[in-house]
Amino acid sequence: GPAWAIIQPLMTTVVMTLVFGNIAGLSPSGVPSFAFYLCGSIAWTYFSACLTTTSNTFTANAGILGKVYFPRLVMPVSSVLSQLIAFGIQFLFFLGFLIYYWVTGANVQPNLLVLMMPVFLAHMAMLSLGVGVIISAMTTKYRDLAMVVGFGVQLWMYASPVAYDVSVIPAAYQGIYNLNPVTPVINMFRYAFLGVGEPCWGYYGISWAVTAVVLFVGILLFNRVEKTFMDTV
């Protein structure tokens with residue numbers, strides 16, 4: 001139920017705070033570790049949930065799709081939109097802690113970039129939709145690919161600044177690391193609400209370009225597969 005929308009990021013944040021923040025020391029100094037990890041956790045949870053639900057569109061809904069016709073792209077898009085409900089609950093939960101830290105004088109510095117939150121959400125939604133529909137189209141022929149999605153999402157999380165601050169990456173690899181399209185989005189999200197790090201508009205623009213290409217390719221592949229998916233699912 002709705003409680004799970006809070007329990008999941010809360011437990012994830014607690015574990016990250018204890019293991020990566022307190023023990024490994026991978027959170028930035030001066031910022032409350034809990035707020036740092038909660039901010040990244042809710043952003044990543046929305047992205048990963050959208051990707052996971054859209055990646056099994058054909059296989060999970062074959063019974064419905066084989067009986068009645070409607071634009072097939074409606075289903076992955078509706079999955080992305082429905083995840084906004086869980087994100088809204090988690091975001092309000094995060095705002096409660098953010099206000100608490102701000103009132104108690106902790107080093108959290110929200111700025112005008114918070115007004116770009118709808119843009120950040122749209123960015124994550126479009127990227128997850130693009131990757132998800134590509135995987136969904138491929139799983140109609142390669143069914144075992146669906147079993148790799150969960151593992152791949154976990155690897156992607158550790159390749160993104162969710163469990164650690166981007167500053168821990170050596171300077172020589174910062175450029176390559178920021179080519180991960182999720183990295184600039186999470187960094188901008190954290191900077192907007194916590195004032196952590198610095199916005200890198202160049203890499204953020206590259207992330208948007210990658211997102212546009214992935215979404216375009218995904219829609220083309222999805223529309224091509226939907227015509228014959230009942231023969232392979």
[atom1]-[atom2] distance between [X] and [Y], expressed to the nearest 0.5 angstrom:
{"X": "Ser48", "Y": "Gln83", "atom1": "OG", "atom2": "CD", "value": "8.5 Å"}
{"X": "Thr17", "Y": "Ile23", "atom1": "OG1", "atom2": "CD1", "value": "11.0 Å"}
{"X": "Gln90", "Y": "Leu84", "atom1": "CD", "atom2": "CG", "value": "11.0 Å"}
{"X": "Ile7", "Y": "Phe93", "atom1": "CD1", "atom2": "CZ", "value": "10.0 Å"}
{"X": "Thr183", "Y": "Tyr204", "atom1": "OG1", "atom2": "OH", "value": "13.0 Å"}
{"X": "Cys200", "Y": "Asn178", "atom1": "SG", "atom2": "CG", "value": "6.0 Å"}

Holding to ring-ring contact (aromatic ring centres under 6.0 Å, His included), I want the full list of residues that pass it with [X], two or more places apart in sequence or in another chain.
{"X": "Tyr164", "value": "none"}
{"X": "Tyr37", "value": "none"}
{"X": "Phe20", "value": "none"}

Which atom names give the shortest non-hydrogen contact between [X] and [Y], and what distance separates them?
{"X": "Ala43", "Y": "Met124", "value": "O-SD, 3.5 Å"}
{"X": "Cys50", "Y": "Thr53", "value": "O-OG1, 3.1 Å"}
{"X": "Gln109", "Y": "Asn107", "value": "NE2-OD1, 2.8 Å"}
{"X": "Gln8", "Y": "Thr45", "value": "OE1-CG2, 4.4 Å"}
{"X": "Leu221", "Y": "Ala137", "value": "CG-CB, 3.7 Å"}
{"X": "Ile42", "Y": "Phe94", "value": "CD1-CB, 3.8 Å"}

Answer yes or no: is there a side-chain heavy-atom contact under 4.5 Å between [X] and [Y]?
{"X": "Ser136", "Y": "Thr54", "result": "no"}
{"X": "Phe36", "Y": "Pro28", "result": "yes"}
{"X": "Leu98", "Y": "Leu38", "result": "no"}
{"X": "His123", "Y": "Pro184", "result": "no"}
{"X": "Trp44", "Y": "Val182", "result": "yes"}
{"X": "Tyr191", "Y": "Leu113", "result": "yes"}
{"X": "Ser207", "Y": "Val185", "result": "yes"}
{"X": "Val108", "Y": "Pro32", "result": "yes"}

For the pair Thr52 (side chain) and Ala49 (backbone), establish whether a donor and an acceptor sit closer than 3.5 Å, ignoring hydrogens and angles. no

Donor-acceptor pair, distance only, cut-off 3.5 Å: does the side chain of Asn187 make one with the backbone of Val166?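 Such a contact is absent between Asn187 side chain and Val166 backbone.
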
Co-membership, hydrophobic cluster, residues [X] and [Y], 4.5 Å side-chain:
{"X": "Met75", "Y": "Leu220", "answer": "no"}
{"X": "Leu26", "Y": "Tyr173", "answer": "yes"}
{"X": "Met138", "Y": "Phe151", "answer": "no"}
{"X": "Trp208", "Y": "Trp201", "answer": "yes"}
{"X": "Phe222", "Y": "Phe216", "answer": "no"}

If you draw a 6.0 Å radius around CD1 in Ile85, do more than 12 non-hydrogen atoms from other residues or ligands fall strictly inside?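 Incorrect, the count does not exceed 12.
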
Just checking Leu112: does its CG atom have more than 12 heavy atoms from other residues, nucleotides or ligands closer to it than 6.0 angstrom? no

Check: Phe91 ring centroid to Phe193 ring centroid under 6.0 Å: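 Yes: the rings meet the under 6.0 Å criterion.
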
Mutual orientation of the aromatic rings belonging to Phe97 and Phe34 [parallel < 30°, tilted 30-60°, perpendicular > 60°]: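 Rings of Phe97 and Phe34: tilted, as their planes differ by 30° to 60°.
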
Begin from the C-alpha positions of Asn56 and Thr139 and carry the test side chain to side chain contact (heavy atoms under 4.5 Å, CB included) through to its verdict. CA-CA 8 Å; Asn56 63 357; Thr139 52; over 6 Å; no

